[in-house]
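Accompanying notes for the structure given below.
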Amino acid sequence: MTSGAQAGASRAARRIAVISAGLSNPSSTRMLADRLAAATAKQLSERGIEIETDVFELRDYAHDITNNLLTGFAPPALESVINAVVSADAVIAVTPIFSTSYSGLFKSFIDVLDPDALTGKPVLIGANAGTARHSLAIDYAIRPLFTYLHAEPVSTGVFAASSDWGASADSVAPLGERIDRGARELAEAIARREPATDSDPFDPANYLGEGRSFGHLLGGLAGE
């Protein structure tokens, strides 16, 4: 690629899919996701890269995710979410910590993705819990999950305890600084990569393979 083409690629608009697995509304999980997304957009803007952000609250798709796990079929709304995530240039994934690990809703969504769908994709991991004692969950639970899927999580994972949102927030490693560091690493990973190829969110080929459709699958099940 020539230097001019490289410069053009670096300036091309990129898209980030933000996954928030919070259960309440409003939720601190969504607050953290929004701050990570805004910080990443700022970092990319400073590099002259336009950014589009799609934010998905997984609790809005909880029934569809369950149905997908039971039947193997994604309802249309969930299908659009899946395609947006797998076709994005990068993913910001934020989950609450329950019982020292990611939430069941978060893991269930990951389970409905094709095992190879996130290969090579930059991921910024975020997590929140009531106490800082759960901060290691990012490195012993969530990061290995994305590494197993051959994604490329950035070095900094951003954990927020309840105290990080109040007046008694950590003054040694403030949440804002951790967010900025993670966002900078994600922006650098995005800038190094070619823009993702646009894809039709309703194209079955994204899930079933090129040239195939749900009709093929249903026909096969019917013995045709």
Side-chain angles (χ1 to χ4, degrees), residues 1-22 26-58 81 83-95 106 117-128 132 135 138-139 142-143 146-147 149-161 163-167 169-199 201:
M1 178 182 291
T2 66
S3 59
Q6 290 174 334
S10 66
R11 288 193 297 269
R14 311 297 172 88
R15 188 168 55 79
I16 297 175
V18 182
I19 304 168
S20 172
S27 73
S28 53
T29 302
R30 175 61 187 269
M31 289 170 56
L32 179 57
D34 286 344
R35 289 191 60 178
L36 290 170
T40 303
K42 181 176 181 293
Q43 290 284 341
L44 288 168
S45 177
E46 291 174 354
R47 291 165 170 77
I49 299 174
E50 296 181 9
I51 186 69
E52 298 175 2
T53 304
D54 296 320
V55 183
F56 302 104
E57 290 268 16
L58 294 186
V81 175
N83 190 68
V85 170
V86 303
S87 64
D89 292 281
V91 172
I92 296 174
V94 187
T95 177
F106 181 83
L118 301 181
T119 297
K121 195 177 300 294
V123 178
L124 173 55
I125 299 169
N128 68 284
S135 60
I138 285 181
D139 288 323
I142 309 172
R143 188 179 300 279
F146 283 104
T147 300
L149 295 172
H150 304 292
E152 297 183 359
V154 300
S155 297
T156 298
V158 181
F159 178 87
S163 58
D164 283 311
W165 303 105
D170 189 347
S171 60
V172 177
L175 178 60
E177 291 185 4
R178 286 177 272 142
I179 288 173
D180 288 342
R181 183 166 63 249
R184 182 170 58 253
E185 292 175 4
L186 185 64
E188 289 171 351
I190 293 171
R192 288 195 299 266
R193 294 165 53 89
E194 292 291 332
T197 303
D198 290 337
S199 60

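Within the 3.5 Å criterion, the main-chain N or O of A187 finds no donor-acceptor partner in the side chain of Q43.
When all heavy atoms of A132 and A161 are compared, the closest pair comes out as N-CB, 3.7 Å. The shortest non-hydrogen separation linking F106 to L58 is CA-CD1, 4.2 Å. Here the closest non-hydrogen pair linking K121 and S87 is NZ-C, 4.3 Å. Residues D180 and A39 share a closest heavy-atom pair of OD1-CB, 4.0 Å. Here the closest heavy-atom approach between residue A17 and residue F56 is recorded as CB-CE1, 4.5 Å.
Two residues are said to be in side-chain contact when any heavy atoms from C-beta on lie closer than 4.5 Å; N128 and M31 fail this criterion. For the pair R30 and V55, the minimum side-chain heavy-atom distance is below 4.5 Å. V154 places none of its side-chain heavy atoms less than 4.5 Å from the side chain of E188. No side-chain heavy atom of R15 sits less than 4.5 Å from a side-chain heavy atom of T53. Within the 4.5 Å cutoff, the side chain of H150 has no heavy atoms near those of the L118 side chain. Residues V94 and I19 fail the side-chain proximity criterion, which asks for heavy atoms closer than 4.5 Å. For the pair T29/T95, no side-chain contact is recorded, criterion being any heavy-atom separation below 4.5 Å from C-beta on. In this structure, the side chains of I125 and R143 come closer than 4.5 Å at one or more pairs of heavy atoms.
Here the CZ atom belonging to R14 is positioned 7.5 Å from the CD1 atom belonging to I190, to the nearest 0.5 angstrom. Interatomic distance, CD of E57 versus OG of S27, reported as 5.5 Å (0.5 Å rounding). I16 CD1 to I51 CD1: the interatomic distance, rounded to the nearest 0.5 Å, is 3.5 Å. The OG atom of S155 lies 11.5 Å from the CG atom of L186; values are rounded to the nearest 0.5 Å.
For D89 and R193, the salt-bridge test fails: no basic side-chain N is under 4.0 Å from an acidic carboxylate O. Between K42 and E46 there is a salt bridge, since a side-chain N of the basic residue sits under 4.0 Å from a carboxylate O of the acidic one.
The side chain to side chain contact (heavy atoms under 4.5 Å, CB included) test with I179 singles out one residue from T156, L32, L124, and that residue is L32.
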Note to self: Is there a side-chain contact (heavy atoms from CB on, under 4.5 Å) between R178 and D164? Walk through the geometry before answering.
What the structure shows: CA-CA 11 Å; R178 286 177 272 142; D164 283 311; 2.9 Å; yes
